[in-house]
Enquirer: 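This is the structure I have questions about; it appears just below.
Chain identifiers are assigned alphabetically (A, B, ...) following the order of the sequence lines, protein sequences preceding nucleic acid strands; residue numbering begins at 1 within each chain. Hydrogens, waters and symmetry mates play no part in the numbers below; they use all other heavy atoms, side chains included. Computed from a predicted structure; not experimentally measured.
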Amino acid sequence: MADMSKDKYPMPEQQANVRNKNFLEVALGYTKELAMKEAQRCLNCKHKPCMKGCPVKVDIPGFIMKIKDGEFEEAYQIIAGTNSLPAVCGRVCPQESQCEELCIRAIKGEAVGIGRLERFAADWHMQNVADYGAEALSGQTAVKQTIGVVGAGPAGLTCAGDMARKGYDVTVYEAFHAPGGVLTYGIPEFRLPKDIVKKEISLLEKLGVEVKLNMVIGKILTIDELLENHDAVFIGTGAGLPRFMKVPGENLNGVYSANEFLTRINLMKAYKFPEYDTPVKIGKNVAVVGGGNVAMDAARSAKRLGAENVYIIYRRGEEELPARLEEVHHAKEEGIIFRLLNNPVSIKGDDKGNVTELECIKMELGEPDDSGRRRPVPIKGSEYMMDMETVIVAIGQTPNPLIRETTKKLKTASWGGIIVNEETMETSIPGVYAGGDIVTGAATVILAMGAGKIAADAMDEYLKSRK
Amino acid sequence: MYKIVTKRILNESVHMMDIEAPLIAKKAKAGQFIILRIDEVGERIPLTIAGYDRENGTIKIIFQLVGKTTFHLGSMEVGDSILDFVGPLGKASELEGYKKACVIGGGLGTAIAYPQAKELHDLGAEVDIIAGFRNKDLIILEEEMEQISNNLYITTDDGSNGVKGFVTDILKKNLESKTYDVVITIGPLIMMKFVAGITREAGIKTIVSMNSVMVDGTGMCGGCRVTVGGETKFACVDGPDFDGHLVDFDEAMMRSLRYKEEEEHSCKLGGYLNG
């Protein structure tokens with residue numbers, strides 16, 4: 001008999017006024033006992049509605065039943081059969097708008113904590129089982145064909161993992177000195193510990209995936225050159241270029257793109273300066289412009305670096321905030337001040353070029369725009385000044401141009417994204433596939449992973465047909 | 001890992017190294033740069049490619065000991081290895097089609113400008129080089145420059161060698177009797193600003209190389225943004241070469257001081273901001 005309690009069993013987490021001063025993980029994860037209790041809330045529906053919400057098609061009731069029975073490694077193996085990064089997904093997927101949204105339990109109460117259970121199974125595996133990858137590899141019959149994957153982010157790693165499981169020889173080319181893409185440079189330690197990312201990737205390496213670092217494709221090698229060495233190529237280079245607001249004062253010292261701010265902290269470990277050599281500067285007052293997950297990450301990081309007042313400046317209202325509810329909730333708990341329906345007009349600086357003030361204007365919501373959301377309209381004469389030393393711009397990213405500029409036959413959209421056949425993720429060049437933010441524009445980790453998975457299946461078929 | 005295969009001390013604070021990086025050496029062109037990170041806790045610093053050897057698979061870097069990373073690098077010896085070495089980044093300089101060129105370097109910028117001067121020379125252009133240093137002990141690559149230039153002018157701030165004065169003095173004087181198709185200038189921002197001012201009046205196309213603070217070098221961080229003709233550009237992917245008449249040097253100088261307080265960790269492209 002299922003546990004019919006309406007709410008999820010809460011997951012232990014660090015207290016807000018403690019965690020906003022450290023970079024340790026906020027959510028601590030279920031214990032064995034809590035996980036087994038939460039698993040009992042699953043009705044094990046025959047038609048598995050939750051699975052329809054999962055871009056990487058995890059057998060959700062299947063693994064939850066194993067947790068219920070205390071068979072944690074079996075639970076992990078079910079997840080890992082289709083998901084290359086379970087410990088990551090269990091932490092950063094927007095489950096509330098995917099699997100959990102479709103959970104029958106959500107009709108009268110809260111959905112089963114699918115994400116929390118996925119995380120539990122993945123963490124349990126990492127803590128208790130060694131060397132799973134080696135066994136899995138020995139069970140494979142190796143295929144002679146080789147795959148090149150550009151970008152070691154969520155899309156690329158998923159494609160790489162799936163292709164390795166299918167027996168292909170896979171090489172991943174990563175521009176940075178560490179793999180993971182946004183998981184490494186973007187999402188902060190307190191939401192996704194980098195040790196977890198490293199372990200997930202090392203599991204892929206045990207499957208036979210080779211990761212080559214410091215390889216900026218488009219510069220050191222072109223896609224055409226990769227095709228000389230590989231039978232098929234997947235491009236998952238993400239949406240790397242930061243957008244700026246184009247307001248006066250944006251190049252003053254103290255204005256960062258969220259990318260720069262987060263990369264300094266996450267990839268370069270500036271929060272450990274001077275133990276690590278890369279610095280990051282933070283003022284007493286910090287404004288983060290934007291309302292997405294990246295904005296929340298930047299704001300919460302700024303607070304942890306010691307800023308007194310951290311503001312989220314967003315031009316629309318609370319309901320329009322694109323960030324996950326949980327991130328907004330955590331940010332508020334940690335003392336982030338939300339200035340909704342506000343928009344920056346200009347940034348002022350002193351004679352040394354350092355930011356001193358941010359000028360904002362108040363907004364109201366008008367008629368719906370192309371995105372279906374109500375258009376924010378400035379309220380005339382409502383401009384005001386705020387004391388500010390740091391401004392972090394988190395209003396989105398655009399695709400990196402390096403591959404587009406050096407691959408003539410590759411068709412791209414006017415905004416710079418790569419055009420693909422959405423059923424196969426194949427680009428205009430035969431044997432070259434693409435997926436993730438480079439195709440969709442900035443989206444979520446799990447959507448990128450879903451694209452990597454579709455591409456892997458299509459690539460497999462393409463290569464088999466060519467043999 | 002990327003091995004240091006040669007090391008030469010050009011002057012007390014400027015070192016030159018060849019680094020084993022065969023794939024980068026295959027593709028590198030004048031005007032491009034690399035980013036290196038010495039070890040796990042190190043920061044990523046950009047350095048202009050000062051030369052390459054496609055056959056031996058090496059990249060030449062020349063750097064000034066100005067911050068923690070460059071001092072550490074300077075203390076390393078032949079046989080030691082660097083953890084990360086990424087490139088070739090940025091757009092290559094466009095040097096074809098010029099008949100009479102003037103290459104102006106300031107301090108370490110001279111070393112950075114040398115590959116451009118050499119390529120212009122190899123492409124058949126007449127090349128004048130004006131190289132400015134603070135004093136005679138800091139003069140570098142004199143012999144190399146001599147070989148590829150039609151006229152080499154050395155200036156020192158204190159007159160201890162060559163002409164006493166600044167590179168701009170020589171440029172002004174030369175322009176009284178001749179002209180150039182192009183002026184390429186690399187060095188401290190203030191020097192490039194003044195050179196660009198002179199050539200703007202004289203109507204001579206001028207290319208400058210921007211030494212911005214950056215993290216990734218691939219367009220991701222936007223830290224290297226520079227205003228060119230009223231538009232924001234990224235030095236790493238749109239440059240590092242820009243039209244010197246359009247660059248907002250005052251803003252660039254202000255931005256170059258962003259991490260002044262942490263200057264022991266200087267991470268500016270080329271590391272030659274202080275001439």
Side-chain angles (χ1 to χ4, degrees), chain A residues 174-178 185-186 212-222 225 237-244 246 250-264 267-270 272-281 349 351-354 393 397-402 405, chain B residues 2 21 23-24 26-28 32 34-45 67-69 72 83-91 213-227 231-232 234 237-238 248 250-262 264-265 267:
Chain A
E174 166 57 40
F176 268 138
H177 58 256
Y185 74 74
K212 286 194 172 170
L213 302 173
N214 298 325
M215 298 290 280
V216 181
I217 301 303
K219 289 291 180 187
I220 193 162
L221 291 171
T222 61
E225 284 167 317
T237 46
L241 264 69
R243 270 201 196 112
F244 285 94
K246 299 193 171 150
E250 204 161 17
N251 289 347
L252 287 166
N253 295 337
V255 184
Y256 292 93
S257 72
N259 261 2
E260 178 180 359
F261 184 67
L262 290 172
T263 301
R264 281 179 183 271
L267 178 74
M268 306 310 297
K269 310 249 179 279
K272 293 185 181 171
F273 180 85
E275 179 193 343
Y276 283 74
D277 291 345
T278 304
V280 66
K281 275 194 180 173
D351 55 356
K352 287 181 184 145
N354 296 315
V393 184
Q397 287 98 239
T398 56
N400 196 298
L402 296 181
E405 284 172 356
Chain B
Y2 303 82
L23 283 175
I24 303 174
K26 244 185 187 170
K27 289 287 175 76
Q32 290 186 297
I34 56 93
I35 281 191
L36 65 80
R37 192 177 69 132
I38 296 175
D39 57 27
E40 206 45 53
V41 298
E43 81 179 320
R44 295 168 65 96
I45 63 156
K68 182 173 176 188
T69 304
H72 184 178
L83 184 57
D84 299 299
F85 200 78
V86 194
L89 300 169
K91 293 204 160 107
V213 173
M214 57 178 79
V215 182
D216 61 292
T218 63
M220 249 196 59
C221 76
C224 64
R225 58 196 188 275
V226 45
T227 301
E231 268 182 66
T232 295
F234 291 174
V237 288
D238 300 320
D248 183 341
D250 294 334
E251 179 189 271
M253 283 187 263
M254 178 197 91
R255 285 185 65 73
S256 73
L257 302 178
R258 259 190 305 162
Y259 285 97
K260 196 68 186 166
E261 286 162 30
E262 294 84 0
E264 298 314 308
H265 292 79
C267 45

Enquirer: Using modelled atom types and a 3.5 Å cut-off, is there a donor and acceptor pairing between side-chain atoms of A:K246 and backbone atoms of B:E231?
Expert: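 Checking the backbone N and O of B:E231 against the side chain of A:K246, no donor-acceptor pair under 3.5 Å is found.
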
Enquirer: So with a 6.0 Å cut-off around NZ of A:K272, is the heavy-atom count from everything else above 12?
Expert: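 Yes, NZ of A:K272 has more than 12 neighbouring heavy atoms, counting only those of other groups under 6.0 Å.
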
Enquirer: With side-chain contact (heavy atoms from CB on, under 4.5 Å) as the test, would you mind laying out the steps for A:L241 and B:M220 before giving the verdict?
Expert: CA-CA 5 Å; A:L241 264 69; B:M220 249 196 59; 5.9 Å; no

Enquirer: Please test A:M268 against B:V215 for side-chain contact (heavy atoms from CB on, under 4.5 Å), starting from the C-alpha separation and ending with a verdict.
Expert: CA-CA 9 Å; A:M268 306 310 297; B:V215 182; 4.1 Å; yes

Enquirer: Heavy-atom distance under 4.5 Å between the side chains of B:R37 and A:F176, does that happen here?
Expert: no

Enquirer: Rounded to the nearest 0.5 Å, what's the gap from CG on B:L23 to NZ on A:K212? Could you check?
Expert: 7.5 Å

Enquirer: Quick check on B:Q32 against chain A: is it the side chain, the backbone, both or neither that has a heavy atom closer than 4.5 Å?
Expert: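 Looking at B:Q32, just its side chain touches chain A.
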
Enquirer: Any donor-acceptor pair under 3.5 Å linking the side chain of B:K27 with the backbone of A:I220?
Expert: yes

Enquirer: Restricting to salt bridge (Lys or Arg N to Asp or Glu O under 4.0 Å), what partner residues turn up for B:D39, sequence neighbours left out?
Expert: none

Enquirer: What part of B:F234 is in contact with chain A, defined as an atom under 4.5 angstrom from a non-hydrogen atom: side chain, backbone, both or neither?
Expert: side chain

Enquirer: Which atoms of B:L83 are under 4.5 Å from chain A, going by heavy atoms: the side chain, the backbone, both sets, or neither?
Expert: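 The answer is the backbone of B:L83.
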
Enquirer: Measure A:Q397 against the heavy atoms of chain B and call it side chain, backbone, both or neither at under 4.5 Å.
Expert: neither

Enquirer: Which of the residues A:N354, A:L252, A:T263 is involved in the greatest number of heavy-atom pairs with chain B at under 4.5 angstrom?
Expert: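 Sorted descending by pairs with chain B, the first entry is A:L252.
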
Enquirer: For B:D216, enumerate each residue passing the side chain to side chain donor-acceptor pair (under 3.5 Å) test, keeping only those at least two apart in sequence or located in another chain.
Expert: B:T218

Enquirer: Do you know the tightest heavy-atom contact between B:R255 and A:N253?
Expert: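 For B:R255 versus A:N253, the nearest heavy atoms are CA-OD1, 3.3 Å.
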
Enquirer: Relative to chain B, which of A:N251, A:V216, A:N259 shows the most heavy atom pairs under 4.5 Å?
Expert: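 If we count pairs closer than 4.5 Å to chain B, A:N251 comes out on top.
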
